[in-house]
Amino acid sequence: MRIDNLLQSIASSAFEACFGQALPADQFSVQMTRKEFAGDRTIVCFPLARHSKAAPDATATRLGEAMVNAEGPVEGFNVVKGFLNLEIDKAYWTQWLLTEAAEEGYGTRPVGSAPHVMVEYSSPNTNKPLHLGHLRNNFLGHSVSRILEAAGHKVTKVQIVNDRGIHICKSMVAWRKFGEGETPESSGVKGDKLVGKYYVAFDKAFKAEVADLVEAGTPKEDAEKQAPILLEAQETLRLWEQGDTDTVELWKTMNSWVYAGFDTTYRTMGVEFDQLYFESDTYLIGKERVLEGLERGVFSQSEDGAIWVDLTGDGLDRKLLLRGDGTAVYMTQDIGTALLRFQDYPDLDRQVYTVGNEQEYHFKVLFLVLGKLGFPQAERCHHLSYGMVELPEGKMKSREGTVVDADDLMEEMFGIARDIAREAGKLEGLDEAAQRDVFERVGLSALKYFLLKVDPKKNMMFDPTASIDFYGNTGPFILFNYVRGRSILRKAAQEGIEPSTDIASLEADEMELVSLLHGLPDVISESASTYNPSLLANWCYDVTKAFSSYYQDHSILGADDAANRDLRLVLTERFTRSLRTGMHLLGIALPERM
RNA sequence: GACUAUGUAGCUCAACUGGAUAGAGCACCUCACUACGGAUGAGGAGGUUGAGGGUUCGAAUCCUUCCAUGGUCGCCA
C-alpha cells in the first residue's frame with residue numbers, strides 16, 4: 001500500500017480509538033511535510049477538530065500518540081498548531097527502495113488493465129508544412145497516449161488527415177499553372193514544402209488578380225469572388241467531387257508528396273500513429289449517419305432540406321449538420337469519423353481529441369450529437385484542448401512570415417546541441433551517426449520539455465532565445481543529470497560493484513529524493529486522469545533537481561563504507577530508472593552520453 | 001454584446017485541488033569547487049497572487065462585482 005493510504009487508514013482507526021467516532025480514511029488529508037518542519041508526512045487536523053470535540057492542536061497530539069502506538073511505520077510526531085507532522089520509520093523507506101521501487105516498470109500498470117482509449121492528434125491540413133503549433137499538438141497527444149498506456153489503458157493513436165476541400169485544390173491549380181512539372185524528386189524540395197509553396201503562389205496570384213479587378217473598377221468584395229484563379233479552384237473542387245479522373249490523379253499525387261514530407265517530420269519528432277483516417281473517406285459516412293439520425297427522429301429538417309440538431313435543451317443552439325444541397329460541413333465529417341472509429345474498434349471506451357481551444361464549441365456539439373445517436377461512450381469523450389503558442393511579437397501569421405517551421409526549428413535545436421556537445425568534448429569516440437543521434441535527443445528534449453511543462457490549457461509564450469536555453473529548468477538539464485547518474489552506474493559495474501541489500505539507513509538529505517521517487521505512480525495516474533503531461537514534466541524536473549543537489553554533496557562511489565555506497569548506488573539506480581520512465585511518457589528519449 | 005478560459009517576482013512558468021513563511025528557472029549580486037561528467041551546487045535580492053467585497057480556524061485556489069487579455073459566437077475548417 002502507498003504510504004499516504006497507509007497513513008490514512010492508520011489515522012482512521014487511531015482516531016476512532018481516541019475519540020470514539022469513525023471517520024472514513026479519505027477524511028484525513030495527508031501531505032508532504034514542508035521542509036522547514038521535522039517529519040515526513042503531515043495530517044492537517046483543523047477539519048478533524050469538530051469531530052473530536054477538542055482543539056486542533058490537542059486533537060493532533062492525541063492522534064499522533066495513537067498513531068505512534070499503532071502497528072505501522074509511524075515512529076514519532078510533532079505538532080505545530082493544528083498540523084500533525086509524522087516521522088516515518090527509516091526502515092520503511094529502505095524496504096520500499098529494495099522492493100516496490102526496484103520492480104521492473106515501477107510506476108506503470110500493465111496495459112489492458114484499463115479501458116481502450118483512442119487518442120487523436122496532429123490532424124494537419126495537406127496544403128502546408130507543420131509548424132510550431134503542430135509541435136505542441138503532437139507532443140501533447142503523443143505524451144498523453146503514453147501516459148494513458150502507463151496508467152493501464154490500451155491506446156490507439158490516430159489522426160484525421162484533412163485531405164479534401166478547397167485548400168488542396170488551390171495548391172493544385174497553382175501547380176498546374178506555374179509548376180512546370182516540378183516534383184519533390186526534380187527539385188529536391190521536401191514534398192510538404194513544395195505543396196506549401198504552391199499554396200502561397202496561389203495566394204499571390206489571387207491577390208494580383210483581385211488588385212487588377214479593383215483597378216478596373218470592380219468593388220473589392222466582388223473582385224474577391226470573381227478572381228479567375230479562385231473560380232478555377234472552385235471548379236477543381238467540383239471536378240474532384242464528381243470523381244474526374246485527371247483531377248483525382250493530381251490530387252492523389254500532390255497529397256502523396258505531402259504525406260512523404262510529413263512522414264519525415266514525424267520521424268524526426270519521434271511521434272507515430274497506429275492508424276490514419278482521411279476526411280475524403282469519412283465525410284460520406286457522416287452524411288449517411290446524419291440521414292439515419294433524421295429518420296430516427298433525433299435530428300430535424302428545415303424547409304430548404306438542411307438537417308439540424310437542436311441543442312437548446314443542453315444550453316446550446318441549433319446546429320447545422322448537413323446543408324440543404326446535401327453537401328457536408330465540418331461537423332458532418334467529424335460525426336462520420338467518430339462513428340467509423342467506434343465501428344473499427346468496438347471495445348473503444350472513449351476518444352480523446354487533441355485540438356486547439358478555438359474548437360471547444362465544436363467538440364461540445366460533437367459529443368452531444370454522438371450521445372443523441374445513442375453512443376454511451378460520448379460522455380467519456382474528451383476534447384484535449386490546448387492554448388495557443390505565441391511569439392514575443394504576437395501570434396504566428398503566415399501572411400507576415402512569422403510562422404515557425406517545425407523542421408527548421410528542430411534542425412536549429414540539433415545544431416545548438418551539437419555546438420555545446422563539441423565544446424564539452426564528451427562525445428569523442430562516437431561515430432557520426434551515433435553523435436547525430438545524441439544531438440537529436442538533446443535538441444528534442446529541449447523542445448519537448450519546453451512545450452510540455454506548461455499546463456496545456458494555457459496559452460504559452462515561445463520566446464526563441466529562452467526556448468533554446470539548455471541550462472536551468474530545461475530538458476537538457478534533466479538529460480545531463482540522467483547521463484551523470486548512468487555514468488556512475490556504468491563505472492560501478494565496470495569495477496564489479498554490485499550493491500547488496502544491506503544498505504545504510506536514510507539521512508534527512510536523502511529523504512527529499514526518496515519522497516519524490518515514491519510519488520511517481522501518483523503523478524502518472526494524476527496526469528492520466530487529467531490528460532495533463534505538465535504534471536509529469538514538473539515531477540521530472542523536481543526529482544532531477546533533488547538528485548543534482550544530492551550528487552553535489554555526496555560522493556557516491558567514494559562513500560565511507562560499503563553500506564553507504566550501496567545506498568547511494570541504489571538511489572542513483574532508482575533515480576535514473578524512474579526518470580527514464582517519466583521522460584519516456586513525455587516522449588523524450590534519453591542518451592547515455594552527451 | 002453573450003459565452004468561455006486566463007491574470008502569480010522584471011520575464012517564462014509552479015503551487016499536491018481550501019492548509020503552515022506563495023516556489024522554480026532566466027536575468028542581477030555573492031560564494032563553493034581540478035569535480036564519480038561544471039550543461040554544477042549553495043545563498044541573496046525580488047510578491048498587497050489584476051482590483052474591491054464576501055464565505056471560514058485558514059483563500060492564489062470557492063462565491064460576487066468590476067478591470068485586462070485570448071478564444072468562440074459561419075450553411076469556414
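Below, read A as the first sequence line, B as the second, and so on, with proteins coming before strands; counting in each chain starts at 1. Fair warning: this is a prediction, and the values are worked out from it, not measured in the lab.
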Distance alone, cut at 3.5 Å: any donor-acceptor contact between the side chains of Arg323(A) and Thr327(A)? yes

With a 4.0 Å cut-off on heavy atoms, is Val442(A) in touch with a base, just the backbone sugar-phosphate, or nothing at all? base

Pairwise P distance, G54(B) and C13(B) [rounded to whole Å]: 33 Å

pair_partner(U49(B)), Watson-Crick or wobble, both distances < 3.5 Å, evaluates to none

Which value, in whole Å, describes the distance between the C1' atoms of nucleotides A15(B) and U21(B)? 14 Å

A20(B) base to Asn85(A) side chain: any donor-acceptor pair below 3.5 Å? yes

Ring-base stacking, Phe46(A) with G58(B) (5.5 Å, 30° cut-offs): no

Do the ring planes of His382(A) and Tyr531(A) sit parallel (below 30°), tilted (30 to 60°) or perpendicular (above 60°)? parallel

So if I take every side-chain heavy atom of Pro47(A) and compare against G19(B), G41(B), A15(B), which nucleotide ends up nearest? G19(B)

So what does Ser487(A) touch, heavy atoms closer than 4.0 Å: a base, only the sugar-phosphate, or nothing? base

Gln159(A) and Tyr121(A) have their tightest heavy-atom pair at CB-O, 3.1 Å

Using a heavy-atom cut-off of under 4.0 Å over every strand shown, decide if Glu592(A) touches base, sugar-phosphate, or nothing. base

Nearest to the Asn162(A) side chain among A20(B), A77(B), A39(B), which nucleotide is it? A77(B)

Looking at Glu221(A), I'd like to know if its CD atom is crowded, meaning that more than 12 non-hydrogen atoms belonging to other residues, nucleotides or ligands lie closer than 6.0 Å. no

Between Ala421(A) and Lys35(A), just flag the one whose closest nucleotide in RNA chain B comes earlier from the 5' side. Lys35(A)

Taking C63(B) as the reference, what is the distance to C28(B) when you measure between their P atoms (whole Å, please)? 41 Å

When the P atoms of U48(B) and A9(B) are compared, how many Å lie between them, rounded to an integer? 9 Å

Give a yes or no on whether Glu423(A) atom CD has more than 12 heavy-atom contacts from other residues, nucleotides or ligands under 6.0 Å away. no

When all nucleic acid strands are considered with a 4.0 Å heavy-atom cut-off, which category describes Phe37(A): base, sugar-phosphate, or nothing? base

Pairwise C1' distance for A39(B) and A45(B), with rounding to whole Å: 26 Å

For a quick check of understanding: with a heavy-atom distance under 4.0 Å over all strands, which category does Gln333(A) fall into, base, sugar-phosphate or nothing? sugar-phosphate

Write down the distance separating the P atoms in G46(B) and A24(B), rounded off to the nearest Å. 15 Å

Which nucleotide wins on minimum distance to the side chain of Tyr361(A), given the candidates U72(B), U40(B), A39(B)? U72(B)

Quick one: classify the glycosidic conformation of U69(B) as syn or anti, with syn meaning within 90° of 0. anti

If you pin Lys457(A) and Gly324(A) to their nearest nucleotides in RNA chain B, which one's is more 5'? Lys457(A)

Measure distances between side-chain N and O atoms of Asp304(A) and base N and O atoms of C75(B), and say whether any donor-acceptor pair falls under 3.5 Å. yes

Evaluate whether the aromatic ring of Tyr551(A) and the six-membered ring of the U40(B) base sit under 5.5 Å apart, centre to centre, with an inclination under 30°. no

